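Heads up, the thing below is written out as structure tokens.
Just so it is clear, the structure is predicted and the values come from calculations on it, not from any experiment.
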Amino acid sequence: MKPVEILLLALALSADAFSVALAVGLRCAAPRQRFRLSWHFGLFQALMPFVGAAGGAAIRDVAPGIDRYAAFVVLAGLGAKMVYEGARRGDALAVAGDPTRGLALMGLSIATSLDALGVGIGLALLRAQLVASCLVIGITAGLATLAGMLLGARLGALTGRFAGIAGGILLIGLGVKMLAL
């Protein structure tokens, strides 16, 4: 693959990470949270093609199509929780829990990088430079995540108490999109 093709692939893979980061950024704006989410999304996006190249074909043969359902459950579940708690408390930004920590962080990192698993299979079949491709994919995803969180923080300041609910609805929408693929 040519460098420009790898960059375009990385940008396409980063779209979900950007969208989720935008939703999370509506309620989480601390520098530490931005770093955590950007680091993990970039790391998972970089590592998933390796996993895909190593064994993704076997997983797809055993359980075809499960990746989109797993992504739906994680994204829609977290989104529903954000909407519920934001509506219940009346202050969507005071939702308990931090999606940039613990199991929520792991779930979001996996959900946003599942498509990179399939890409890893393709990269291996094309005999592309896997290490260089994965580095470009990871760095691009990390930067896209940071941009999404920064934009989300700006929008959150403008939308006030409805920011968490809007972020939750966005996550649910992304989950539904995963089912449609």
Side-chain angles (χ1 to χ4, degrees), residues 8-48 66-119 137-181:
L8 291 173
L9 174 66
L11 288 170
L13 288 173
S14 297
D16 287 342
F18 174 82
S19 299
V20 170
L22 179 68
V24 172
L26 288 169
R27 58 179 283 245
C28 298
R32 182 181 263 176
Q33 292 169 315
R34 287 191 295 253
F35 174 78
R36 254 194 317 262
L37 197 69
S38 298
W39 169 257
H40 282 85
F41 279 15
L43 180 66
F44 274 70
Q45 286 280 0
L47 293 178
M48 280 296 201
I66 196 167
D67 55 349
R68 64 184 177 156
Y69 295 110
F72 167 75
V73 168
V74 170
L75 293 172
L78 183 61
K81 181 179 184 234
M82 286 173 67
V83 169
Y84 171 75
E85 291 195 12
R88 187 183 78 190
R89 293 184 184 191
D91 181 6
L93 297 176
V95 176
D98 181 354
T100 69
R101 298 185 70 156
L103 291 177
L105 175 61
M106 292 298 291
L108 289 174
S109 297
I110 291 169
T112 58
S113 64
L114 283 173
D115 48 356
L117 187 75
V119 166
I137 290 168
I139 291 168
T140 303
L143 292 173
T145 302
L146 180 60
M149 286 200 73
L150 290 171
L151 181 59
R154 296 256 188 235
L155 293 175
L158 295 174
T159 59
R161 63 180 286 236
F162 296 106
I165 294 171
I169 291 169
L170 180 62
L171 288 179
I172 293 169
L174 286 169
V176 170
K177 181 193 133 224
M178 294 290 191
L179 286 177
L181 295 176

If I take atom CG from residue L146 and atom CG from residue L151, how far apart are they, to the nearest 0.5 angstrom? 11.0 Å

What are the two closest non-hydrogen atoms of L37 and P99, and how far apart are they? CD1-O, 4.5 Å

In this structure, CG of L9 is separated from CD1 of I137 (nearest 0.5 Å) by 4.5 Å

Quick check: closest heavy atoms across T145 and A17, and the distance to 0.1 Å? OG1-CB, 3.6 Å

Looking at CE of M149 and CZ of F18, how far apart are the two atoms once the value is rounded to the nearest 0.5 Å? 12.0 Å

If you count the non-hydrogen atoms of other residues, nucleotides and ligands that lie under 6.0 Å from CG in L8, is the total more than 12? yes

For S14, enumerate each residue passing the side chain to side chain donor-acceptor pair (under 3.5 Å) test, keeping only those at least two apart in sequence or located in another chain. none

CG-CG distance between L108 and D16, expressed to the nearest 0.5 angstrom: 11.5 Å

Find out whether L155 and L22 are in side-chain contact, i.e. whether some heavy atom of one side chain is under 4.5 Å from a heavy atom of the other. yes

Counterpart residues, salt bridge (Lys or Arg N to Asp or Glu O under 4.0 Å), relative to R34 (two or more places apart): none

With a 3.5 Å cut-off and sequence neighbours excluded, list the donor-acceptor pairs that the side chains of residues 41-48 form with protein atoms.
from, atom 1, to, atom 2, distance (Å)
Q45, NE2, L13, O, 3.3
Q45, NE2, T112, O, 2.7

Checking the side chain of S113 only, and the main-chain atoms of I110 only, is there a donor and an acceptor separated by less than 3.5 Å? yes

To the nearest 0.5 angstrom, please state how far the CZ atom of R101 sits from the CZ atom of R36. 5.0 Å

